[in-house]
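One-based numbering, in listed order, for ligands and for the atoms of each. One-based numbering along the sequence shown.
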Amino acid sequence: MTEQEAVEVNFDGLVGPTHNYAGLSLGNQASQQNAGGTSSPRTAALQGLAKMRRLHSLGVAQAVLPPPLRPDPSVLRSLGFDPARGLTEVAAVAPQLIPTLMSASSMWAANAATVSPSADTADGKLHLTPANLVSTVHRALEPNATHHILRSIFASEERFQVHRPLPSAAAFADEGAANHGRVTNSHGEPGIHVFVYGREAHEVVTDGYPRRQSRLAGELIAGSHGLDPRRVRHVRQSPTAIDAGAFHNDVVSVINERVLFTHESAFADPEAAADLDARVVVVKETEVPLRDAISSYLFNSQLVTLPDGTMTLVAPIETEETNSTRNYLAAAIVDPANPIDSVETMDLRESMRNGGGPACLRLRVVMTGAERSALRGRVMMDDGMLDRLETWVDTHYRSELRAEDLNDPALIIEVADALRDLEQLLDLPGLYNLADLGF
Ligand code: SUG
């Protein structure tokens with residue numbers, strides 16, 4: 001790859017050691033249905049690493065985003081608790097907050113930020129805005145730590161602009177790249193940015209599931225990234241899709257380069273994609289019912305271009321276990337009119353039980369060679385680093401975690417030990433503020 005040549009780098013969220021099922025996300029059916037279940041942080045993290053290894057072996061540039069510290073000392077302090085006392089004061093005053101404070105939800109890196117490649121921005125820098133995630137309480141605690149992690153990695157001010165998250169108010173509700181796509185001939189060329197929203201800034205929706213994204217958020221981000229307004233679209237998500245459980249647009253559609261792969265119920269206006277100059281593949285309700293699309297996460301697959309120019313769909317194993325999606329994909333790969341050339345299925349059940357499929361776990365960042373060289377830390381994956389991360393998970397992660405374990409003082413010590421080692425492994429010294437937790 002030359003200095004100028006841009007490729008899509010998939011930054012996957014490394015699953016944190018507190019991955020659990022707390023049922024925190026209204027409107028996310030998997031999260032609700034698995035509330036109170038026993039999780040396996042170790043299996044979850046290994047499943048995520050196996051996906052990264054598969055992508056890397058297919059020749060797709062793969063990177064990692066480290067998890068934030070849990071509990072977050074600055075969040076504890078802002079709630080009036082002394083971080084050095086761990087969860088002791090929380091347990092006495094507001095024990096119901098413990099799952100919220102210990103959530104590993106930042107693993108779904110598609111919600112970490114909205115990203116604009118340097119080919120599209122007025123100042124020629126790569127722009128990132130961490131999502132404020134105000135629509136759910138546990139996720140609203142992520143943005144400051146995400147901002148710090150992104151600043152630590154995308155540290156070069158000459159190449160990157162990491163913005164502050166939008167203010168934490170419903171009018172600015174932002175869920176990041178999960179509601180954003182980019183249509184382009186090839187990743188390195190300028191693209192058309194598609195911002196998908198669920199409601200207007202001040203619209204009050206009293207029935208149905210929460211609309212997590214405001215139109216205003218997309219407008220503000222497009223402006224601050226210096227995108228050409230002629231190359232920006234704001235498209236409304238269909239309320240039907242949201243109320244059926246598509247809490248993010250990436251549950252019902254995915255864009256890769258020129259291809260938009262979408263369910264017919266994804267957008268409020270069926271003609272929404274008409275002026276995108278995209279190759280639109282619409283899956284009809286008669287082929288895959290919306291219910292099956294949401295339970296199998298067919299559209300939450302990663303659609304990626306391989307080095308040989310073919311497109312593969314990295315799909316969750318649930319698409320093989322659902323009749324309509326299995327039949328659809330079997331027909332798609334032999335249909336010359338369908339751009340999906342092959343399918344790679346992955347077992348990501350631990351994440352899927354919280355409503356996070358392959359596409360939720362990754363943040364796409366189109367980067368030139370020079371930008372990639374400017375990244376801080378050893379975040380780009382190769383087989384050696386993936387081996388080391390697997391060993392790290394085996395060393396530090398529990399194989400089982402129940403709701404009551406979240407308040408086990410030993411868990412915080414394990415998290416601190418794990419993250420102290422991770423800083424070294426990724427060569428990001430000082431990433432975590434362990435001293436504030438008394439370590
Ligand atoms: O925000 N689940 C996440 C899943 C995010 C999926 N991301 C994308 N579609 N891009 C959410 O609802 C569940 C946590 C719990 O219930 O313990 C959770 O946060």
Side-chain angles (χ1 to χ4, degrees), residues 10-13 15-16 18-41 44 48 65 67-68 70 96-115 130-143 146 173-181 196 198 209-213 237 241-242 244-255 263 266 293-303 314 316 318 348-364 401-403 405-406:
N10 281 273
F11 281 78
D12 276 45
V15 177
T18 62
H19 159 68
N20 71 95
Y21 300 123
L24 298 174
S25 283
L26 178 65
N28 170 343
Q29 294 177 339
S31 155
Q32 299 286 286
Q33 283 157 10
N34 293 301
T38 301
S39 67
S40 174
L65 283 181
R70 287 288 174 266
Q96 71 277 18
L97 279 181
I98 290 175
T100 299
L101 295 169
M102 294 298 275
S103 177
S105 51
S106 63
M107 65 201 265
W108 298 297
N111 306 115
T114 304
V115 182
N132 61 23
L133 297 168
V134 287
S135 299
T136 51
V137 178
H138 66 301
R139 304 218 63 182
L141 307 183
E142 294 175 37
T146 303
D174 174 29
E175 300 275 319
N179 290 323
H180 171 251
V196 185
Y209 286 144
R211 277 69 171 129
R212 292 201 199 180
Q213 183 90 27
Q237 202 184 353
I242 299 175
F247 51 96
H248 292 135
N249 179 251
D250 70 2
V251 173
V252 277
S253 63
V254 58
I255 296 174
H263 192 272
I294 290 171
S295 62
S296 71
Y297 264 37
L298 170 65
F299 298 95
N300 200 258
S301 301
Q302 287 176 252
L303 187 58
V314 181
E318 285 77 358
L348 295 163
R349 288 194 208 278
E350 283 286 326
S351 170
M352 285 285 286
R353 286 191 194 118
N354 256 337
C360 300
L361 286 161
R362 60 93 175 94
L363 182 67
R364 291 179 288 185
L401 200 60
R402 292 174 195 79
D405 301 329
L406 294 172

> If we only count heavy atoms from C-beta on, is the Glu142 to Ser105 side-chain gap below 4.5 Å?
yes
> Main chain of Arg353, side chain of Asn34: is a donor-acceptor contact present, judged purely on distance under 3.5 Å?
yes
> Does the Arg70 side chain pair with the main chain of Ala104, one donor and one acceptor, at a distance under 3.5 Å?
no
> Enumerate the protein residues lying less than 4.0 Å from ligand 1, judged by heavy-atom distances, in chain and residue-number order.
Asn20, Ala22, Gly23, Leu24, Ser25, Asn28, Ser31, Ser105, Trp108, Ala110, Asn111, His138, Arg139, Ala178, Arg212, Phe247, His248, Asp250, Asn354, Gly355, Cys360
> Using a distance-only test with no angle check, is there a side-chain donor-acceptor pair under 3.5 angstrom linking Gln237 and Asn179?
no
> For Asp250, what residues pass the salt bridge (Lys or Arg N to Asp or Glu O under 4.0 Å) criterion, not counting sequence neighbours?
none
> So, does Ser301 use its side chain to make a donor-acceptor pair with the main chain of Leu298 at under 3.5 Å?
yes
